Trainee: 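Quick one: this structure, given as structure tokens, is what I'll be asking you about.
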Number of protein chains: 2
Amino acid sequence: MNEGIFKAMSDSTRRKIIELLKEGPKTAGEISSHFSYTQPTISRHLNVLKNANLVIDQREGNFIIYRLNTTILQEWLGWIFEHFGGGDNDEKE
Amino acid sequence: MNEGIFKAMSDSTRRKIIELLKEGPKTAGEISSHFSYTQPTISRHLNVLKNANLVIDQREGNFIIYRLNTTILQEWLGWIFEHFGGGDNDEKE
DNA sequence: TGATTATATAGCTTAATAGCTAAATAGTCA
DNA sequence: TGACTATTTAGCTATTAAGCTATATAATCA
């Protein structure tokens, strides 16, 4: 279940999309305009983020608005910290 | 530069290795014994983690001891929080 | 030196992923 | 309905990644 999020986050274009969406909701076109990739390529990235449940889309006329699923993102960050953070690693050979 | 860490972390076997190493340093064989994959497969995973600078290896006789590079891991966690954490996402359409 | 042990590397196969162009879908508006 | 706009989906290619078996390397010990 976390798998999808880690995979989604492992691509730098998708991480940039997440950062863009932190500013607020944006249409697919707006997002696309920030990159030099073609629009279909960005659309596919958005789809990966959607499948990972990291973004939510909503049609508004003939635009599609994407927004961050902050809940999932926060949960993921929490999970990461639980598993990889904190624990000290003292020379215990 | 973060790219390698995200890629390394995107695989669940490698994440489990990291968790194992949080307990303390382990030989390649010990690590390998926790999985049902073959030894060469785990060796390659260890190599990915090494290239991402997430682990450090050290020969000791004919064992090779792996230990977590806690500094890098902490740095990565810090980076993640800086970029994805905290920021609220108020309905600003 | 030769046998044994621990580990890595090579070489292969299969599957997944990122990018593209072209075509389909869905909505708007005259 | 027909033209137009925004976006997704299909279908392709090239690259990367994960797994395997077989082999190589490096250290130890008799």
Side-chain angles (χ1 to χ4, degrees), chain A residues 1-21 23-69 76 93, chain B residues 1-21 23-69 76 93:
Chain A
M1 52 137 255
N2 251 328
E3 197 66 7
I5 302 190
F6 272 103
K7 294 284 186 200
M9 285 304 218
S10 75
D11 182 272
S12 84
T13 300
R14 288 192 291 264
R15 288 198 299 275
K16 270 181 217 136
I17 293 175
I18 295 285
E19 294 196 62
L20 277 174
L21 291 179
E23 298 168 6
K26 297 200 172 11
T27 69
E30 277 180 277
I31 294 167
S32 193
S33 73
H34 282 86
F35 298 91
S36 52
Y37 297 119
T38 62
Q39 178 268 321
T41 291
I42 299 300
S43 175
R44 219 166 40 66
H45 279 304
L46 286 169
N47 195 50
V48 172
L49 291 171
K50 195 166 106 182
N51 287 336
N53 207 16
L54 275 166
V55 303
I56 294 155
D57 65 341
Q58 174 198 358
R59 177 143 234 152
E60 191 104 8
N62 51 9
F63 292 84
I64 293 179
I65 296 170
Y66 282 88
R67 69 189 67 226
L68 211 52
N69 188 342
W76 181 68
E93 178 151 311
Chain B
M1 51 138 258
N2 252 327
E3 197 64 8
I5 303 191
F6 273 103
K7 294 284 185 201
M9 284 306 218
S10 74
D11 182 272
S12 84
T13 300
R14 289 193 289 264
R15 288 198 299 275
K16 269 181 217 138
I17 293 175
I18 295 284
E19 293 197 62
L20 277 174
L21 291 179
E23 298 168 6
K26 297 201 171 15
T27 69
E30 278 181 276
I31 294 166
S32 193
S33 73
H34 282 85
F35 299 91
S36 52
Y37 296 120
T38 62
Q39 176 268 320
T41 292
I42 298 301
S43 176
R44 218 165 44 63
H45 279 304
L46 286 169
N47 196 50
V48 172
L49 291 171
K50 195 166 106 183
N51 287 337
N53 208 16
L54 276 166
V55 302
I56 294 155
D57 65 341
Q58 174 198 357
R59 176 143 235 153
E60 191 104 9
N62 50 11
F63 292 84
I64 293 178
I65 296 170
Y66 282 89
R67 71 189 66 227
L68 211 52
N69 189 341
W76 181 68
E93 178 150 319

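Reminder, nothing fancy here: chain letters follow the sequence lines and each chain counts from 1. Since we're looking at a predicted model, the values are computed, not measured.
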Trainee: How many Å lie between NZ on A:K16 and P on C:dA18, as a whole number?
Mentor: 14 Å

Trainee: Could you tell me how far apart A:Q58 (CD) and C:dG27 (C1') are, to the nearest whole angstrom?
Mentor: 15 Å

Trainee: Can you name the side chain to side chain donor-acceptor pair (under 3.5 Å) partners of A:E19, sequence neighbours left out?
Mentor: B:H83

Trainee: Determine whether B:H45 and B:F35 make a side-chain contact, defined as any pair of heavy atoms from C-beta on separated by less than 4.5 Å.
Mentor: no

Trainee: List for me each residue that meets side chain to side chain donor-acceptor pair (under 3.5 Å) alongside A:K50, sequence neighbours excluded, and say none if there are none.
Mentor: A:D57

Trainee: Measure the distance from CD1 on A:I31 to P on D:dA6 and round it to the nearest whole Å.
Mentor: 15 Å

Trainee: Does A:V48 or B:S43 map to a spot on DNA chain C nearer the 5' end, using the closest nucleotide for each?
Mentor: B:S43

Trainee: Please report, rounded to the nearest Å, how far the P atom of C:dT9 is from the CD1 atom of B:I42.
Mentor: 15 Å

Trainee: What distance separates B:I42 CD1 from B:R14 CZ, expressed to the nearest 0.5 Å?
Mentor: 10.0 Å

Trainee: How many Å lie between CZ on A:F35 and C1' on C:dC20, as a whole number?
Mentor: 17 Å

Trainee: Considering residues at least two apart in sequence or located in another chain, which fulfil the ring-ring contact (aromatic ring centres under 6.0 Å, His included) criterion with B:F6?
Mentor: B:W76, B:W79

Trainee: Does D:dG19 have OP1 or OP2 sitting under 4.0 Å from an N or O in the side chain of B:H45?
Mentor: yes

Trainee: Check ring-ring contact (aromatic ring centres under 6.0 Å, His included) between B:Y66 and all other residues, then give those that pass, not counting sequence neighbours.
Mentor: none

Trainee: Which parts of nucleotides 20-30 of chain D does protein reach within less than 4.0 Å, heavy atoms only, written one letter per nucleotide 5' to 3' as B for base, S for sugar-phosphate only and - for none?
Mentor: BBB---SBS--

Trainee: Mind checking what makes side chain to side chain contact (heavy atoms under 4.5 Å, CB included) contact with A:N69, not counting sequence neighbours?
Mentor: A:N53, A:I56, A:T71, A:I72

Trainee: Rounded to the Å, how far apart are B:L46 CG and C:dA8 P?
Mentor: 6 Å

Trainee: Which is true for A:T27 with a 4.0 Å heavy-atom rule: it touches a base, it touches only sugar-phosphate, or it touches nothing?
Mentor: sugar-phosphate

Trainee: Please state how far atom CG in A:D11 lies from atom C1' in D:dT16, giving the value in whole angstrom units.
Mentor: 13 Å

Trainee: Starting from the 5' end of DNA chain D, give me the residue, A:K7 or A:Y66, whose nearest nucleotide shows up first.
Mentor: A:Y66

Trainee: I need the CD1-C1' distance between B:I65 and C:dA6, as an integer number of Å.
Mentor: 12 Å

